[in-house]
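Keep in mind that this is a model prediction, so the values were computed, not measured.
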Amino acid sequence: MPATPAWPPASLPRLYVEETLSAGTHLVLEGQQANYLGTVLRLGEGAQVKLFDDRTGEWLAEVTEAGKRRVSLHVVQQLREREPVPDLWLLFAPIKKGRIDWVAEKAAELGVARVLPVLTQRTIVDRVNTDRLMAHMIEAAEQCERTALPTIGEPQKLAQILREWPADRTLFFADETGAAPMADAVAPGPAAILIGPEGGFTTEERAHVRALPQAKPVSLGPRILRADTAAVAAISLWMASAGDWDRHLSR
């Protein structure tokens, strides 16, 4: 007997929309989203798409009118509730365009709750286009089936962040000078990962971070990693130990 095909198909186009969704909602897409559905995918009346709004989960919608610049949709039914998001922040020193976009994209795919650029003494990029980074994270969420988006903060100086650090949040500090393996240090609870610039933290900055009671210096292995690689490695280690990866596999 042939297997029953999944419904709705996983291959349906999937988009984030800002409007709050509910059954029976009608909405109109314009600009890039309309061009994508109407021109690139050539969807016509009756075609189905998946939508999510970062508040109410994922919904099935049908195209009621399609054009090159305007696509109308009717929301049919909810497919999933909004996912619970592991309480993990990523703090990282900005790096060059292209690589910083990649970090934001992978952070969204891996499930972080918040991204915050950190300005350090050796940061080589002091201007960050957070709107562009958010666009990359939205695109990543659309592709990886997330129903919740990470938030992003404007760049802040490391000293200010440390002064205002929440008392209940552990700060895992990737220290290239040596520390306990991160896999052994992770524990449940609100957490953040701090990744330094390509030149590393200065001695003064390292001392200030280590002086924070919530800070836990950790090692990411025997090799010196690029900043973007270190971010992905640290997020992966945390998600595997305290995040939602094992919860997903056990379902």
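Here the side chain of Thr25 pairs no donor or acceptor atom with the backbone of Leu21 at under 3.5 angstrom. Side chain of Thr123 to backbone of Leu119: no donor-acceptor contact under 3.5 angstrom is found. Within the 3.5 Å criterion, the main-chain N or O of Arg99 finds no donor-acceptor partner in the side chain of Asp228. Not one N or O on the side chain of Gln156 forms a donor-acceptor pair closer than 3.5 Å with the backbone of Ile161. Within the 3.5 Å criterion, the main-chain N or O of Gly221 finds a donor-acceptor partner in the side chain of Ser219. Proximity of a side-chain donor or acceptor of Arg146 to a complementary backbone N or O of Ala148 within less than 3.5 Å is detected.
Residues Leu149 and Phe92 share a hydrophobic cluster, clusters being chains of Ile/Leu/Val/Met/Phe/Trp/Tyr side chains in contact below 4.5 Å. Following chains of ILVMFWY side-chain contacts shorter than 4.5 Å, one cannot reach Val17 starting from Leu60, and the two form parts of different hydrophobic clusters. With hydrophobic clusters built from ILVMFWY side chains whose heavy atoms lie under 4.5 angstrom apart, Val115 does not share a cluster with Leu171. Linking Ile, Leu, Val, Met, Phe, Trp and Tyr whenever their side-chain heavy atoms come within less than 4.5 Å puts Trp238 and Val232 in one cluster. The cluster map of Ile, Leu, Val, Met, Phe, Trp and Tyr, joined by side-chain heavy atoms under 4.5 Å apart, puts Leu158 and Phe172 in different clusters.
Looking at every heavy atom in both residues, Ala140 comes nearest to Ala108 through CB-CB, 4.0 Å. Residue Asp244 comes nearest to Pro84 through the heavy atom pair OD2-O, 4.4 Å, listed as atom of the first residue, atom of the second, then distance. Between Ala174 and Phe201, the shortest heavy-atom contact is O-CE1, 4.3 Å. For the residue pair Pro86 and Gly111, the shortest heavy atom distance occurs at CD-O, 3.8 Å. The two residues Val186 and Ser241 come nearest to each other via the heavy atoms CG1-CB, 3.6 Å. Closest approach of Gly196 to Ala93, counting heavy atoms only: C-CB, 3.7 Å.
With contacts defined as side-chain heavy-atom distances shorter than 4.5 Å, the pair Leu88/Met239 qualifies. Lys96 places a side-chain heavy atom less than 4.5 Å from the side chain of Ile124. With contacts defined as side-chain heavy-atom distances shorter than 4.5 Å, the pair Trp89/Pro166 qualifies. The closest side-chain heavy-atom distance from Leu29 to Leu15 is below 4.5 Å. Taking the side chain as every heavy atom from C-beta outward, Thr170 and Pro190 never approach each other to under 4.5 Å. Within the 4.5 Å cutoff, side-chain heavy atoms of Met182 are placed close to those of Ile193. Using a 4.5 Å cut-off on side-chain heavy atoms (C-beta onward), Asn35 and Lys68 make no contact. Under the 4.5 Å side-chain criterion, counting only non-hydrogen atoms from C-beta, Val75 is not in contact with Ser22.
Here the straight-line distance linking atom CG of Leu73 with atom CD of Glu65 works out to 10.5 Å at 0.5 Å rounding. Considering CG of Asp175 and CG of Leu194, their distance stands at 10.0 Å, rounded to 0.5 Å. The line from CG of Leu27 to CD of Gln33 is 9.0 Å long, rounded to the nearest 0.5 Å. Once rounded to the nearest 0.5 Å, the distance linking CD of Glu154 with CD1 of Ile152 reads 7.5 Å. Taken from NE2 in His136 to CG in Leu133, the straight-line distance is 7.0 Å, to the nearest 0.5 Å. Between the CD atom in Gln121 and the OG1 atom in Thr203 there is a gap of 9.5 Å [rounded to 0.5 Å].
Residues Glu83 and Thr147 have side chains that bring a donor and an acceptor to within less than 3.5 angstrom of each other. With 3.5 Å as the limit, one finds a donor-acceptor pair spanning the side chains of Arg114 and Thr151. Between the side chains of Trp59 and Thr56, at least one donor-acceptor pair of N or O atoms lies under 3.5 Å. Donor-acceptor pairing under 3.5 Å is lacking for the side chains of Glu45 and Thr64.
With Pro13 as reference, Leu41 is the one residue of Leu41, Leu51, Val63 to meet the side chain to side chain contact (heavy atoms under 4.5 Å, CB included) rule.
Judged by the 6.0 Å and 45° rule, Arg210 forms no cation-pi pair with Phe173.
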Problem set entry | Pair Leu110-Glu105, side chain to side chain contact (heavy atoms under 4.5 Å, CB included): steps then yes or no | CA-CA 9 Å; Leu110 291 169; Glu105 174 186 294; over 6 Å; no
For this session: Determine, stepwise, if the pair Leu43 / Val49 fulfils side chain to side chain contact (heavy atoms under 4.5 Å, CB included).
Result: CA-CA 9 Å; Leu43 298 187; Val49 299; 3.7 Å; yes
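Between Glu198 and Arg226 there is no salt bridge, since none of the side-chain N atoms of the basic residue sits less than 4.0 Å from a carboxylate O of the acidic one. Salt-bridge annotation for Glu205 and Arg122: absent, with no side-chain N of the basic residue lying under 4.0 Å from a carboxylate O of the acidic one. Classification of Asp53 and Arg82 as a salt-bridged pair fails, no side-chain N sitting under 4.0 Å from a carboxylate O. Salt bridge status for Arg14 with Glu145: present, with a side-chain N to carboxylate O gap under 4.0 Å.
Using the six-membered ring where Trp is involved, Phe52 and Tyr16 have ring planes that are tilted, between 30° and 60° apart.
Within a 6.0 Å radius of CD in Glu164, other residues, nucleotides and ligands contribute more than 12 heavy atoms. Annotation for Arg55: atom CZ counts as buried by contact number, over 12 foreign heavy atoms lying within 6.0 Å.
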